Structures are given as C-alpha cells and as structure tokens.
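Structure first, then comments.
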Amino acid sequence: MKHIIPALWYPDGKNRDVTGAAKLIRPGEYIRDIFKAATGTATTARGWVKTRRDSKGVTFIQLSDGSTFADLQIVVETGTIPENILKDVTTGACIAVIGEVVESPAAGQSVELKAREIQVYGAADSTTYPLQKKGHTMEFLRGIAHLRPRSNTFGAVYRVRNAISYAIHKFYQERGFLYLTAPLITTSDAEGAGAMFSVSTLDMMNLPRTSEGQIDYEQDFFGKKAHLTVSGQLEAEIFALAFSNVYTFGPTFRAENSNTPRHLAEFWMIEPEMAFCDLDGNRQLAEEFLKYVIAYVLDNCKADLEFFNKRIDDTVLATLENVAGSDFAHVTYTEAISILEKAVSGGKSFEFPVFWGADLQSEHERYLTEETFKKPVIVTDYPKEIKAFYMRLNDDEKTVRAMDVLAPRIGEIIGGSQREERYDVLLDKIRKQNLPEEHYWWYLELRKYGTAPHAGFGLGLERILMYVTGMKNIRDVIPFPRVPGYADF
Ligand code: 4AD
Ligand code: MG
C-alpha cells in the first residue's frame, strides 16, 4: 500500500508537497508552537506517536516532536482518515498530521489538533517496538539508547542539557570571555594524574621497539606518545595570558576505573580561566555562574523541571529556587575537617577516615553540604599533597589555593584553583611530583614571559545536569555514556 507522499519542510519555512507547490496554510511548526496557536488555525504537526487510544467514533493519538514536554493530542473522528492509513498509526510510528487547532475539553491541555489528513513517514511494528507506555527502568532505557531520546525522561533531560549549554555560552559571552576550543589530542597530562587514554596508530600485534625494548613511539602517528585530554586547562592558561578571560567547553576523557553513578570516561567540561584573578575572584565567579545557569533553567525549562520534580525527585524545584536566591557557604579545608571530626566524635560514622591531610570522599562532601550547610559549599585551601601540581602554594607552604564546589546529592561539581604563576615554585613542584619536566616546558615558559596571577575552574556538565534534574545516575544525562566496559552506540 502506498501512502500519500508526505509534505516536506523547507528552510524558508513554507511547506510544499513534492511537486514544489505550497501545500499548507501555515509553515512547518514545532508542537510547542501549536500549543500557543489560536483555535481555528490550520497547521501540520510532525512527530512520533507515543500512544494511540480508540474509543467510540474517535481515535486519540499522543504525538511528540521533542520540542516540548507535553504531547499534542490528535483527535481523529472515525471516517475522516482512511483505515489503511490509520492502521499504521501506532506507538513509535512517525507521522504528519494536517488539521485544525481546536479547544481541548481534556484537562491539562489548552488545545488539540483535529486531523484532516494523516501521512505516515515510517510505520513501527507495535508488537516489537521497545518503548512502551508503561514506565521503563533507566537500565532498560540505556540499552536502547537509539530510542531513549523519545522517552519522557530522556527527552526532558536533553532539553535541559541543551538549555544549560546555551546558558553557559551566554554567561561567558555576556562577560566578554573568549571561547577557546582546546585540543582533544595532547601529549601532556594536564592533571598530572596519569588517568589518560592512549591515542595511537601502532599495530598492537606488532609493536616497534627501541634498542632498550621499549615501545618506539617515535614511529607512532605523532612521533611521540599521545593521549586524549583530561582537561583543557593548561591551554586555557596560555590563552588567558593573551586574552585575559577565556573559557573552554568541550569533551574530556578520563581512564579512571571508577564504576560509580557520578563518573564517566567521557564527559563535558566548562573551564573558565581568568588572568588578574585570585582565589576569591574565582570563587565569586563560580557562584555567580552556577546561579545564572540555574536561574536560566528555572525560567526556560518549566515543564521539564516540573516533570523531574514529580517523577524523579520531589526536592528538585525547591532546591533550585533556594540556590538561586541564597549565598553559598565557604569553609577552608581545615575548617571542613574539624566539622567532620566533630561529627565523628558526635557519633557519625564514615567509611573513610577523617584526619587533616586525607582527601575528602564523596560521603564527607555530602555530609558537609547536606547535613551541615544544606546548600552548596565551597571548600578552599586543601593540603598540597592531595591536589594537582599547578595550584598556587599558600604562604604556610602546606596548603594550596584550591577550591571545590560541593552540591547536595552530588558532592563535587566544580574543581578549580588559583594557579602557581611563580616559575621557581612551579618547577620545584613538577620535580617533587616526579612529573616529566620536558612535557611542561611551554607551561613553565609562560611563567618566564609576562606571567600574571590567574585562576580558573572546571564544571562537569553532567554533574550540574544531575543536580538540576535530580537524575541519580550520570549515565542518564549524557546521550551515549562511556564507562568501564561499555561504549555502545
Ligand atoms: O576537579 P577536576 O579534575 O578539575 C580539572 O580538571 C581542572 N583542570 C579544572 C580547572 O581548574 N580548569 O574536574 C573538574 C570537574 C569536577 O568537579 C567534576 O564536576 C567533573 O569535572 N568531573 C567529572 N565528571 C564526570 N565524570 C568524571 N570522571 C569526572 N571527573 C571530573
Ligand atoms: Mg576535582
């Protein structure tokens, strides 16, 4: 059976059929626009069928094109649409509906679309279509990542992800920051932590060897050992020392074997870097930035946030409104440790020990933000031993000008610092940490030619998304998660 040839959408906004004749009265629209249209408007809705329900004399179709949380209700009066077309209008099918916007008697929606004509782009076998109306588990949805974007939950996640990404660029562009695209392939380790993926074209079955029996990377694609970047920070520092204020926004990669709900092997990071800025300025920017992004989402993703609040975590909306309107707490690492030590002597038990010099674990971070302060907390001035080589040494010579922003439920969402801008101090740290000095020659040279105090931080996009949406697993806020043992799709 041949369906009517569907009308297509053209960039000029006019609908035409395949003969090129303007076909429809109103240009192709998103369903979110149809919700705002006046009754009586003739229009076309295109999308994927969520559900279909037949009752006496009428068929109801819920249609989604991803443009907004709500589905558009299509009303088909029996007899209007030929049965041979209607039989293909089942869950999962992709269709166009030409019709008229009418007032909806149904609760919770203002208008619906009364179908005059339906065209089927692609039918879907409803007996095997994996995405059914009944709620699916997040694990199940991960296994069908090619269809997951059509689910209510992931649809809402992705619209919020899009809005946050836009708000991030808007925030920095409004403040005159230059957008830097840092390289993804690199030959230096920005964090000095060694958790990097290799990039190589060498034949693994037949590796070239040096006379000492080592792998001969001189014969590799880049003539030396190369990796996927863990952070664009070092390159951002180069640019900050030329353009004053810059930010990166791109993917970063970590080969740490962390099978947790908060870690990905590939995640997106935003890294502002500011010349003429110290740790206090850094802290203020981080707070202003998070509040801006949250306020933007509250203003622009209302329906999606209401869904998260209703179905995922009923504290999400109150939390976001609270954060947008209150100041973050600030403690030094030393103060944080004494708060935790007091908690321990008061009977609180942690899995990991608490003492000055220990790294804060997720449970400690969550205690500080969920129990002590009940809002985001910025912890600064960590012991130098547990932080990266590039952080500026304090006068006590024991702590560095580090800063972590901790959020309830998530723990760390931002890590940053004032950078060590003094050549001798930096060189000493690189040597003491046994890092390969020759890899950092240019980073050191920046401290020789026109150095300046500077600072910056990194926000994990997926971590802020978890915070904003209430989603429990980081794998459900990125389109195609990469984690140990899994990189499908
Ligand atoms: O604290 P991190 O490692 O800091 C840096 O990479 C610095 N170079 C940033 C800077 O100062 N420019 O990472 C920054 C943030 C973390 O706070 C967290 O939100 C996120 O990146 N992050 C991860 N997100 C998901 N999966 C992982 N494996 C992550 N590792 C870090
Ligand atoms: Mg960190």
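Side-chain atoms are counted along with the backbone in the values below, which use heavy atoms only and exclude waters and symmetry mates. Atoms within a ligand are numbered from 1 in the order they appear, just like the ligands themselves. No experiment lies behind these values; they were computed from the predicted model shown.
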So the salt bridge (Lys or Arg N to Asp or Glu O under 4.0 Å) pairs with at least one residue in residues 139-161 (sequence neighbours excluded) are Arg142-Asp476, Arg148-Asp476, Arg159-Asp304, Arg161-Glu462

Tyr30 six-ring face occupied by Arg32 cation (under 6.0 Å, within 45°):
yes

Given a cut-off of 2.8 Å, the protein N, O or S atoms lying below it from the Mg ion (ligand 2) are Glu412 OE2

*Applying ring pair (Phe, Tyr, Trp, His ring centres under 6.0 Å), run through Tyr247 and Phe171 and close with a yes or a no.*
CA-CA 11 Å; Tyr247 69 106; Phe171 177 85; 9.2 Å; no

Short N-O contact, Lys310 and Glu306, less than 4.0 angstrom: no

Test side-chain contact (heavy atoms from CB on, under 4.5 Å) on Leu180 and Phe243; report intermediate values, then the result.
CA-CA 10 Å; Leu180 166 66; Phe243 295 96; over 6 Å; no

Contact set, ligand 1, heavy-atom distance under 4.0 Å, ordered by chain/number, equals Glu191, Ser231, Gln233, Arg254, Glu256, Arg262, His263, Leu264, Phe267, Met269, Glu271, Tyr390, Glu412, Ile413, Ile414, Gly415, Gly416, Arg419, Gly456, Phe457, Gly458, Gly460, Arg463, Ile474

Decide if the gap between the ring center of Tyr390 and the ring center of Tyr443 is smaller than 6.0 angstrom. no

- Would you call Glu237-Arg447 a salt bridge at under 4.0 Å N-O? yes

Contacts of Asp189 meeting side chain to side chain donor-acceptor pair (under 3.5 Å) (sequence neighbours excluded), chain-then-number -> none

Residues Asp428 and Arg422 bridged, charged N to O under 4.0 Å: no

